[in-house]
Amino acid sequence: MRNKGLKYDLGMQIGIGLRRAYSFFSLRRSALICISLFLCFCFLSCRYSRPNLDDEGMSAGTRDSLTYLYDRHYTLNTNLEVVQDSVVLACLPVKDCYNTLYKGDRVVVAEFAIHPADSVDSVWVKLAHTQEIQGWIGEREMMQAFVPTDSISQFIYLFSDTHASYFVIIFALFVGAWMLRLFRRKQLKMVYFNDIDSVYPLLLCLLMAFSATVYESMQVFVPETWEHFYFNPTLSPFKVPFVLSVFLLGIWLFIIVLLAVLDDLFRQLSPAAAMFYLLGLASCCIFCYFFFILTTQIYIGYVFLAAFIWIFLKKVHATLVVYRYRCGNCGQKLKEKGRCPSCGAINE
């Protein structure tokens with residue numbers, strides 16, 4: 001009889017295990033399908049719409065300016081700033097005449113010239129620093145030596161700069177190793193592993209991973225959309241292509257969730273423990289950014305993003321199951337009715 005009971009219990013456990021495995025793979029597959037459909041929908045409307053250039057009331061100068069804007073992503077009177085140590089402008093058509101600009105000098109786009117037969121660069125741009133200091137430069141060289149003067153464009157350039165990226169990676173590895181050492185010795189709070197009573201920190205990492213995936217997807221599939229945004233930036237998620245709208249909404253949600261994290265963090269931990277937790281959280285966000293940037297380039301980042309979403313939903317479900325109630329006096333989460341451990345109120 002015991003053997004039969006043992007076989008029965010073993011069969012029950014195997015059946016439960018198979019059902020759980022099926023549920024796991026079904027959820028992961030569903031999340032992957034949803035992300036794939038969402039990304040497909042994003043890239044159906046991923047480019048800026050071109051204006052109507054056939055309007056008879058439009059002047060020739062305006063028509064040329066709009067054509068350059070949507071073909072080159074910058075146009076006449078665009079303000080640029082030198083980021084290299086020095087740049088040489090050719091005073092064409094005068095031969096052997098040059099003007100030199102230095103880092104920090106600002107110029108404005110004054111004129112375009114297209115030379116299809118030019119072996120160096122088919123597009124030349126005339127830049128004006130002052131009335132006396134003007135000159136021509138190839139578009140490829142201009143893209144490397146100048147950045148738009150808009151503060152958002154300059155932030156994008158600084159954040160994507162190679163040296164800044166290496167510094168951030170080294171800083172993230174250093175802080176991550178330091179936090180891991182402190183975590184093992186003093187059992188400090190860390191995201192997901194020994195987390196605070198909040199889903200916001202993990203959601204913050206998920207938003208960073210999602211934004212990095214969308215950003216790198218634009219770089220891979222529609223780089224001209226990001227280049228146009230780089231020269232004509234905005235913080236508004238409206239009146240831009242849908243994929244950019246999703247990216248900007250992700251950034252705004254990241255800021256909002258960050259404020260929620262700070263509120264929960266300093267209510268649950270001491271200031272010193274909260275600062276250590278923030279360092280670990282910053283390391284996790286930096287790691288998520290670079291990890292999903294690199295994996296999206298080889299198309300497996302979407303699988304990792306689906307797994308990340310599944311992990312987050314699993315934690316949210318566990319939190320809802322464990323903490324079913326809230327204190328009617330202070331709002332603290334409760335596992336069961338009765339006395340609140342925070343304020344002492346009786347909840348019935």
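Count residues from 1 along the sequence.
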- request: Could you pull out the closest heavy-atom pair between Ser245 and Val240, with the gap in Å?
  value: N-CG2, 3.7 Å
Run the side-chain donor-acceptor check on residues 97-110: report pairs under 3.5 Å with partners two or more places apart or on a different chain.
unit_1 : atom_1 : unit_2 : atom_2 : d
Asn99  : ND2    : Gln134 : O      : 2.8
Asp105 : OD2    : Tyr102 : N      : 2.8

statement: Sorted by chain and number, sequence neighbours left out, side chain to side chain contact (heavy atoms under 4.5 Å, CB included) with Ala212 holds for Tyr289, Phe292, Ile293
query: Is Phe229 close to Thr234 at the side-chain level, that is, under 4.5 Å between some pair of heavy atoms?
result: yes
Show me the donor-acceptor pairs within less than 3.5 Å that the side chains of residues 148-159 make with the rest of the protein, sequence neighbours left out.
unit_1 : atom_1 : unit_2 : atom_2 : d
Asp150 : OD1    : Ile152 : N      : 2.8
Ser153 : OG     : Tyr230 : O      : 2.5
Gln154 : NE2    : Glu81  : OE1    : 2.6

- prompt: Does Phe266 have any ring pair (Phe, Tyr, Trp, His ring centres under 6.0 Å) partners at least two apart in sequence or in another chain, and if so, which?
  reply: none
task: Decide yes or no on side chain to side chain contact (heavy atoms under 4.5 Å, CB included) for Val243 and Phe221, but give the supporting numbers first.
output: CA-CA 11 Å; Val243 64; Phe221 297 108; over 6 Å; no
- prompt: Do Leu244 and Met218 come within less than 4.5 Å of each other through their side chains, counting heavy atoms only?
  reply: yes
- line: The reported gap from SG in Cys285 to CG in Leu204 (rounded to nearest 0.5 angstrom) is 4.5 Å
- prompt: Tell me, which pairs form a salt bridge (Lys or Arg N to Asp or Glu O under 4.0 Å) where one or both residues lie in residues 254-271, sequence neighbours left out?
  reply: Asp263-Arg267, Asp264-Arg267
task: Would you check if Phe210 and Val246 make a side-chain contact, meaning some heavy-atom pair closer than 4.5 Å?
output: yes
Rounded distance (nearest 0.5 Å) linking atom OG1 of Thr295 with atom CZ of Phe290: 13.0 Å
field: Non-neighbouring partners of Trp136 that pass side chain to side chain donor-acceptor pair (under 3.5 Å), sequence neighbours left out
entry: none
field: Leu248 side chain near Phe238 side chain, heavy-atom distance below 4.5 Å
entry: no
message: The criterion is ring pair (Phe, Tyr, Trp, His ring centres under 6.0 Å); which residues satisfy it with Phe231, sequence neighbours excluded?
response: Tyr74
query: Any chain of hydrophobic side-chain contacts (each under 4.5 Å) joining Val220 to Tyr302?
result: yes
- request: Rounded to the nearest 0.5 Å, what's the gap from CZ on Phe276 to CG on Leu269? Could you check?
  value: 12.0 Å
task: Identify the heavy atoms of Gly138 and Asp121 that sit nearest to each other, and give their distance.
output: C-OD2, 3.4 Å
query: side chain to side chain contact (heavy atoms under 4.5 Å, CB included) between Trp124 and His115: does it pass, once the steps are laid out?
result: CA-CA 8 Å; Trp124 285 77; His115 301 285; 3.8 Å; yes
- prompt: Is the count of non-hydrogen atoms from other residues, nucleotides or ligands lying under 6.0 Å from Glu141 atom CD greater than 12?
  reply: no
field: Sequence-distant partners of Leu253, side chain to side chain contact (heavy atoms under 4.5 Å, CB included), two or more places apart
entry: Leu207
- request: Side-chain contact test, heavy atoms from C-beta onward, threshold under 4.5 Å: evaluate it for Cys205 versus Leu281 and give yes or no.
  value: yes
- prompt: Side chains of Cys288 and Phe308: does their closest heavy-atom pair fall under 4.5 Å?
  reply: yes
query: Which heavy-atom pair separates Leu265 from Ala274 by the least distance, and what is that distance?
result: CD2-O, 3.5 Å
message: My understanding is that only residues two or more places apart in sequence, or in another chain, count here; which of them pass ring pair (Phe, Tyr, Trp, His ring centres under 6.0 Å) with Phe247?
response: Trp226
Do any side-chain atoms of residues 82-95 form donor-acceptor pairs under 3.5 angstrom with protein atoms, and if so which ones, sequence neighbours left out?
none

query: Looking at side-chain heavy atoms only, is the closest gap between Leu235 and Trp252 below 4.5 Å?
result: yes
message: Quick check on the hydrophobic clustering: are Val316 and Leu203 connected, directly or via other members, by side-chain heavy-atom contacts under 4.5 Å?
response: yes
- request: Examine distances only and state if a side-chain atom of Thr296 and a backbone atom of Gly301 form a donor-acceptor pair shorter than 3.5 Å.
  value: no
- prompt: Could you state the interatomic distance from OG1 (Thr213) to CZ (Phe291), rounded to the nearest 0.5 Å?
  reply: 9.5 Å
- request: Might you point out which heavy atoms bring Met142 and Leu80 nearest each other, and give the distance in Å?
  value: SD-CD1, 3.9 Å
- request: For Glu139, enumerate each residue passing the salt bridge (Lys or Arg N to Asp or Glu O under 4.0 Å) test, keeping only those at least two apart in sequence or located in another chain.
  value: Arg72
- request: Check whether any side-chain heavy atom of Leu278 lies under 4.5 Å from a side-chain heavy atom of Leu262, and answer yes or no.
  value: yes
- line: Rounded to the nearest 0.5 angstrom, the CE-OG distance for Met275 and Ser270 is 11.5 Å
message: Looking at Thr78 and Thr75, would you say the former's side chain and the latter's main chain have a donor-acceptor pair under 3.5 Å?
response: yes
